[in-house]
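Below: the structure, in structure tokens.
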Amino acid sequence: MKTTVLFGLTALLLSFSVCAQEMETNEDERKVNAYVLPELLRTNSGKLVRNVRDWERVRRPEILAAFEDYIFGKTPVRKLPPRIAVTSVDQKALNGKAIRKQITVFFSQKDKPKIDILLYLPAGTRKPFPVFLALNFEGNHSVCADSGITISQRWMRYDKVRGIENHYATAASRGSRAERWPVEEILQRGYGLATVYQGDVELDRPERSPDDIHAMFRKPGPGDWGGIAAWSWGLSRVMDYLVTDTQVDAKKVAVLGHSRLGKAALWAGALDKRFAMVISNNSGEGGASLYRRNFGETIADLTRAVPYWFCENFSEFSGHENDLPVDAHELIALMAPRPVYVASAVEDTWADPRGEFLSLYHASPAYHLYGLRGLESNRQPDVGQNAGAGVLGYHLRKGDHELTRIDWQYFLNFADRYFKKKM
Ligand code: GCU
């Protein structure tokens, strides 16, 4: 009897240690296993895609459906007619350099859920401007120390940092994230900036709030949308407003996001073709980096720490990346023929910079169908060098997981290439 118990215990301990080994997150390039990516241009029925027609009619919808079914969950199609209220306009914000507008979008007759949009546009002329659209992590007021911005009253994930107390923002958090948002430089370069606090759409926590956008749609199930899809949905709702603003050139809106919000920006770009450009900054696993490359964060890490970002089905692929019907290069390819830019940082190994780069490279065949250049070399550029003279752009910055002024300079240059083209 005793022996059986002992044997059972040893087996249990052994299986734990095997499990721990399997789960261990690899950050050693030499330990990256060989992998085979799903074929981008082969349909589920085995046919090779050779033209835009087959791509758009067959293969693209197949890939989109797989990302919905297994990763992000299905975004409801029901439209919520928005009620838009422009709450303030300052024609002389930032010492006369900017027009600042604040707009609230309501989704029912009640006053919640709602999203508060902060929009800066260059002052001085009334012509429509291209705009960068991004969600932010800590409230619109954290983006810039401009005292005219309304302080967010929603719960924040972070606490006791950057002027946040008991999970709510205080006046001390004005401009606390300004280093991520070089507003004056963006304006000076002839672009606008639109931003919304991610928590206006959905709080970043496992427990849902009645004010989250999820509460407006009831369809729980394994394929139900997670937080990332909800944030992406929010980005499209901002776009619904931007197309109505005559000072915005809605054909030139670049959707951008850092980290988890970079994942959301990519999914927003995939679902909503009105985004003319998509920019992912350090989006990592669940974003631009290849799932099958076992480097940095894994599906197991994600589904353990933040399962509510994804649909329930996603956890089935924890430890089984090779069974996932799609990989991240196909998420990028969903944007074709629109320009996509991916940014990595050397020390951001958790996000797998090389995996982020390679997904762009492997997305290129979809762009070739349109006669466009993607990334033509699988050699990752050196630090500080950007790759790609084509529609797919990439840089590797030195430093850590962050959205910096340097990243913005690359984004602005890339945007100039498409949005400031002389006709
Ligand atoms: C965590 C998470 C990442 C995510 C990041 C972020 O590190 O594991 O997947 O990108 O948070 O959003 O900052």
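All residue numbers in this chain count up from 1 along the given sequence.
Side-chain atoms of Arg292 and Asn33 form no donor-acceptor pair, as typed in the model, at a separation below 3.5 Å. The closest side-chain donor-acceptor pair between Glu207 and Tyr308, if any, does not fall under 3.5 angstrom. Side-chain polar atoms of Tyr35 and Asn294 form no donor-acceptor pair below 3.5 angstrom. Side-chain atoms of Asn413 and Arg189 include a donor-acceptor pair closer than 3.5 Å. With no hydrogens or angles considered, a side-chain donor-acceptor pair links Tyr120 and Asp146 at under 3.5 Å. With 3.5 Å as the limit, one finds a donor-acceptor pair spanning the side chains of Lys101 and Gln247. Side-chain atoms of Asn282 and Ser259 form no donor-acceptor pair, as typed in the model, at a separation below 3.5 Å. Between the side chains of Asp416 and Tyr191, a donor-acceptor pair is found at a separation under 3.5 Å. Side-chain atoms of Ser176 and Ser173 include no donor-acceptor pair closer than 3.5 Å. Checking Ser344 against Glu356 by side-chain atom types alone, a donor-acceptor pair falls below 3.5 Å. Using modelled atom types, one finds no donor on one side chain facing an acceptor on the other under 3.5 Å when comparing Thr170 with Glu165.
By the 6.0 Å and 45° rule, Arg83 stacks over the aromatic ring of Phe106. Cation-pi contact between Arg205 and Trp155: present, with separation from the ring centre below 6.0 Å and deviation from the ring axis of at most 45°. Judged by the 6.0 Å distance and 45° axis criteria, Arg162 is positioned over the aromatic ring of Tyr158.
When Trp267, Phe314, Trp309 are each tested for a ring pair (Phe, Tyr, Trp, His ring centres under 6.0 Å) with Phe72, only one passes: Trp267. Put simply, the residue from Trp408, Phe414, Phe411 that forms a ring pair (Phe, Tyr, Trp, His ring centres under 6.0 Å) with Phe132 is Trp408. The only option from Leu118, Ile117, Asp90, Val89 that meets the side-chain contact (heavy atoms from CB on, under 4.5 Å) definition with Gln102 turns out to be Leu118.
Sparse packing is recorded around CZ of Arg57, with 12 or fewer heavy atoms of other residues, nucleotides or ligands lying under 6.0 Å away. The local environment of CG in Asn95 is sparse, with at most 12 non-hydrogen atoms from other residues, nucleotides or ligands closer than 6.0 Å. At most 12 non-hydrogen atoms from other residues, nucleotides or ligands lie less than 6.0 angstrom from OH of Tyr70. In this structure, Lys110 places its NZ atom where only 12 or fewer heavy-atom neighbours from other residues, nucleotides or ligands lie under 6.0 Å away.
Taking the side chain as every heavy atom from C-beta outward, Leu119 and Val248 approach each other to under 4.5 Å. Using a 4.5 Å cut-off on side-chain heavy atoms (C-beta onward), Lys252 and Phe129 make no contact. Phe137 places a side-chain heavy atom less than 4.5 Å from the side chain of Arg180. Side-chain atoms of Leu256 and Asn281, non-hydrogen and from C-beta on, never get closer than 4.5 Å to each other. Within the 4.5 Å cutoff, the side chain of Met156 has heavy atoms near those of the Tyr197 side chain. You'll find the side chain of Leu261 reaches within 4.5 Å of the side chain of Trp231, heavy atoms only.
Summarising the geometry, atom CG belonging to Leu360 is positioned 5.5 Å from atom CG belonging to Leu392; distances are rounded to the nearest 0.5 Å. The distance from the CD atom of Gln198 to the CG atom of Leu203 is 8.5 Å, given to the nearest 0.5 Å. Within the model, atoms OG1 of Thr349 and CG of Asp400 stand 8.0 Å from one another, a figure rounded to the nearest 0.5 Å.
In this structure, the ring of Phe217 has its center less than 6.0 angstrom from the ring center of Trp225. Side-chain rings of His395 and Tyr341 approach one another, their centers coming within less than 6.0 Å.
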(message) What verdict does the salt bridge (Lys or Arg N to Asp or Glu O under 4.0 Å) test give for Arg274 and Asp272, after you've listed the backbone C-alpha separation in whole Å, the side-chain angles of each residue and the deciding distance to 0.1 Å?
(response) CA-CA 5 Å; Arg274 292 175 301 173; Asp272 191 338; 2.8 Å; yes
(request) List the steps, then state whether salt bridge (Lys or Arg N to Asp or Glu O under 4.0 Å) holds for Asp116 with Lys114. (result) CA-CA 7 Å; Asp116 290 325; Lys114 63 172 176 121; 3.5 Å; yes
(request) Dump the intermediate steps for salt bridge (Lys or Arg N to Asp or Glu O under 4.0 Å) on Glu202 and Arg154, then the final yes or no. (result) CA-CA 10 Å; Glu202 179 108 337; Arg154 289 220 74 187; over 6 Å; no
(request) Go through the steps to decide whether Arg42 and Glu62 satisfy the test salt bridge (Lys or Arg N to Asp or Glu O under 4.0 Å), and finish with yes or no. (result) CA-CA 10 Å; Arg42 178 131 0 234; Glu62 282 178 358; over 6 Å; no
(request) Would you sort out whether His329 and Leu290 count as a side-chain contact (heavy atoms from CB on, under 4.5 Å), showing the intermediate values? (result) CA-CA 7 Å; His329 62 309; Leu290 291 174; 4.2 Å; yes
